[in-house]
Protein chains: 2
Amino acid sequence: MSGKRKGLGRATVHDVAKLAGVSSITVSRYFKQPDVVSEALRLRIAEAVQTLDYLPNQAAGGLASTRGRIVAMVIPNISGPIFANTIQSFSDVLNRHGYQLLLASSYFSVEKEEDAVRAFLGWSPAALVLTSQYHSAGTERLIAKAGIPIVETWDYAPERQPLQVGFSHLEVGRQAVEYLHGKGHRRIAFVQNSLVGDLSALDRRDGYMARMTEQGLEPWVFVPTEADPFEAGRQAINSLLQRKQPAEAVIFANDNLAAGGMLAGLRAGMRFPQDGAIFGFGNYAFSELLLPSLTTIRPPAREIGEVAALRILQALGEVEIEGEIPHLNLLDCELIQRESA
Amino acid sequence: MSGKRKGLGRATVHDVAKLAGVSSITVSRYFKQPDVVSEALRLRIAEAVQTLDYLPNQAAGGLASTRGRIVAMVIPNISGPIFANTIQSFSDVLNRHGYQLLLASSYFSVEKEEDAVRAFLGWSPAALVLTSQYHSAGTERLIAKAGIPIVETWDYAPERQPLQVGFSHLEVGRQAVEYLHGKGHRRIAFVQNSLVGDLSALDRRDGYMARMTEQGLEPWVFVPTEADPFEAGRQAINSLLQRKQPAEAVIFANDNLAAGGMLAGLRAGMRFPQDGAIFGFGNYAFSELLLPSLTTIRPPAREIGEVAALRILQALGEVEIEGEIPHLNLLDCELIQRESA
DNA sequence: CTCAACGATGTTACCGGTAACATTGGCGAG
DNA sequence: CTCGCCAATGTTACCGGTAACATCGTTGAG
């Protein structure tokens, strides 16, 4: 019947147009700018759409208009305890406005990130979201000439070009010292994660070191050799608390390490915070379930996703905004005081 | 220079073709079937691609070939403690084969699921993955005539049409009873979650009830009124263990409930498993960090993602397979014995 | 030596929408 | 009554690829 090349077998604008007795562009307008189509035609088209179960082909629309309704996001990992919230809220806000999320994981590898960005760009996404400010040179080149809104989340690097939506890891480190110092502790140690790649964690360490120095205290950084976070935590507790001059408080690079360390201590008969204050980062789901519950800092994970989505929608003109779109979005972390410190 | 309509400004096949002195279809073949292009042209094209930073436009390719390289997935929620692993492994396997993942959350609502499916179909995905076997009538209609591979994960419903990749929730319920019964417990209670929508959890409850009855024991189901899982757990522990004839063992619908219950008990001075065995489901990340650590059943979350992706790739002819593609894929759960039961 | 078969490459049209411009009819101002 | 403007709708071509078929030069069997 039709040409030699068969499509998907689904109804097209042309089918709808024919059935409704209008031209295809009118059907297109019915979806994109309903207000310019007269009431009478709107009704006829609506009926035809209903009858044919018509669904607009997004690939075709995106190709023709050169404005695809896809937003791409590279995240270190989906299943980690923190980033999931960012993805969730980001995706929800986008979906609500008819955009779809394309997702890939970098596992903290800048090479994997670059691969993902390259693959994404083939889809002509409307915008691109990256995690952290640390990328490969290739990624930098790609995003520089992508010509779409770019958002960097999680970190906060005011000097960089892409939109920033995140928080200051440096400040987190300082805040932890501040809190523990206020509690009277002086020998405050920091346990780094040995996981290569999570460069933001090093910023927290640097904040810790800076604040310690300012207070006239000597920084004391422990770097575990174990890769498994729970093992690494155990290692740290053993080393820091089982010595002549034990640490009075231990700041861990994240809640996993903190939980591992605390658990090892508890099983060895220690008690917290009596035998040492334990301080985490991340406010993972389990942190309030531990006994003692874990004092930690909650990063604005959900908020990051929401704000990032909002800024993108604004940049795309989908959401009204008066004035400039803020280039810098510094969100607040929340120190959650519980029992362990 | 060119027509009145400007594209994305990026290099196209035609640009590459002109630079390499070949026709555009040859460039297309260079990417799709490199072996039919002669070595000489391959080199010339490779150079042109390099020079122009050419990236194939996936939307155009998908439109022309009617085979898009997108796979869509609807999941109850991204940030939950279980599904993230499925998404992660699913996405990784797909990415490795050049497919991209389109993601949306249903929050256990069949209406939201239907909306997501409708939105997805506009992208002509190569395949569609749903969670659980429970859908709206609209969703059933949509997937019936979608004409692409459909996979249902998480549940296992052999009688249904879509490919099944999951495990038997009924069996999980039975398995828990089996284990506790073997430990000598007779008064075994089940704590349901009050979260409307997670219908699979009810299958676990039904398995529990069936096995109890088979053993000549009386099922004892507690339905919390609290929505918050930790609060609900507390409520359950209070009701089940603080009575004249307390339960000897409590099976919780998931680890969140179990952790909430156990924590409430511990804070009230109880000890586990002495004052009651605690049994969860899900093997959430924190379960081994609790004190006592939580006995639970690990669902094959990661495996589900991997197998689902593999079956899809086979159905699409991307991965070799001899014989039929198995319609049923029943994966094993793992009972993880720890300290709480 | 002839011709069919085959490998390598090109031509044309089409996938399903939409931008840009054209057309039509109704209405109010002059 | 004529003209100009505007709102509603249509025509045409194009977005960037690829399916289908055509073409051309080689090669090997008969």
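Chain letters run A, B, ... following the sequence lines, proteins first and then strands; every chain starts at 1.
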### Task
Ignoring backbone atoms, test whether B:Ser65 places a side-chain nitrogen or oxygen under 4.0 Å from the OP1 or OP2 oxygen of D:dT18.
no
### Task
Among C:dT9, D:dG10, D:dG17, find the nucleotide with the atom closest to the side chain of A:Ser23.
D:dG10
### Nearest-0.5 Å distance that lies between atom CG in B:Leu199 and atom CD in B:Gln133
9.0 Å
### Task
When you get a sec, tell me which of D:dT9, C:dT9, D:dT18 is the closest nucleotide to the side chain of B:Leu41?
C:dT9
### Message
Side-chain N or O of A:Thr12 versus OP1/OP2 of C:dG16: is the shortest distance under 4.0 Å?
### Response
no
### Message
The side chain of B:Val13 is closest to which nucleotide in this list: D:dG17, C:dG16, C:dT9?
### Response
D:dG17
#### Entry: Proximal nucleotide (of D:dG17, C:dC21, C:dG10) relative to the A:Arg29 side chain
C:dC21
### Query
Which listed nucleotide (C:dT9, D:dT18, D:dA8) is nearest to the side chain of A:Ser38?
D:dA8
### Message
Looking at A:Glu322, I'd like to know if its CD atom is crowded, meaning that more than 12 non-hydrogen atoms belonging to other residues, nucleotides or ligands lie closer than 6.0 Å.
### Response
no
### Task
Taking only the side-chain heavy atoms of A:Tyr54 (C-beta and beyond), determine which of C:dG17, D:dG10, C:dA8 contains the nearest atom.
C:dG17
### Query
Counting side-chain heavy atoms from CB outward, which of D:dC15, C:dG10, D:dT9 is closest to B:Val22?
C:dG10
### Message
Between D:dG16 and B:Arg10, counting only base atoms on the nucleotide and side-chain atoms on the residue, is there a donor-acceptor pair under 3.5 Å?
### Response
no
### Query
Quick one: which of A:Tyr107, A:Trp154, A:Phe90 gives a ring-ring contact (aromatic ring centres under 6.0 Å, His included) with A:Phe83?
A:Trp154
### Task
Looking only at side-chain atoms of A:Val37, point me to the closest of C:dT18, D:dT9, D:dT18.
D:dT9
### Task
Among D:dG10, C:dT18, D:dG16, find the nucleotide with the atom closest to the side chain of B:Leu63.
D:dG16
### Message
Base, sugar-phosphate or nothing for B:Thr66? Non-hydrogen atoms, less than 4.0 Å.
### Response
nothing
### Query
Starting at the 5' end of DNA chain D, which residue's closest nucleotide do you reach first, B:Arg67 or A:Ala40?
A:Ala40
### Query
Which one, D:dG16, C:dT18, D:dA20, comes nearest to the side chain of B:Ile25?
D:dA20
#### Entry: Presence of salt bridge, B:Asp155 and B:Arg160, under 4.0 angstrom
no
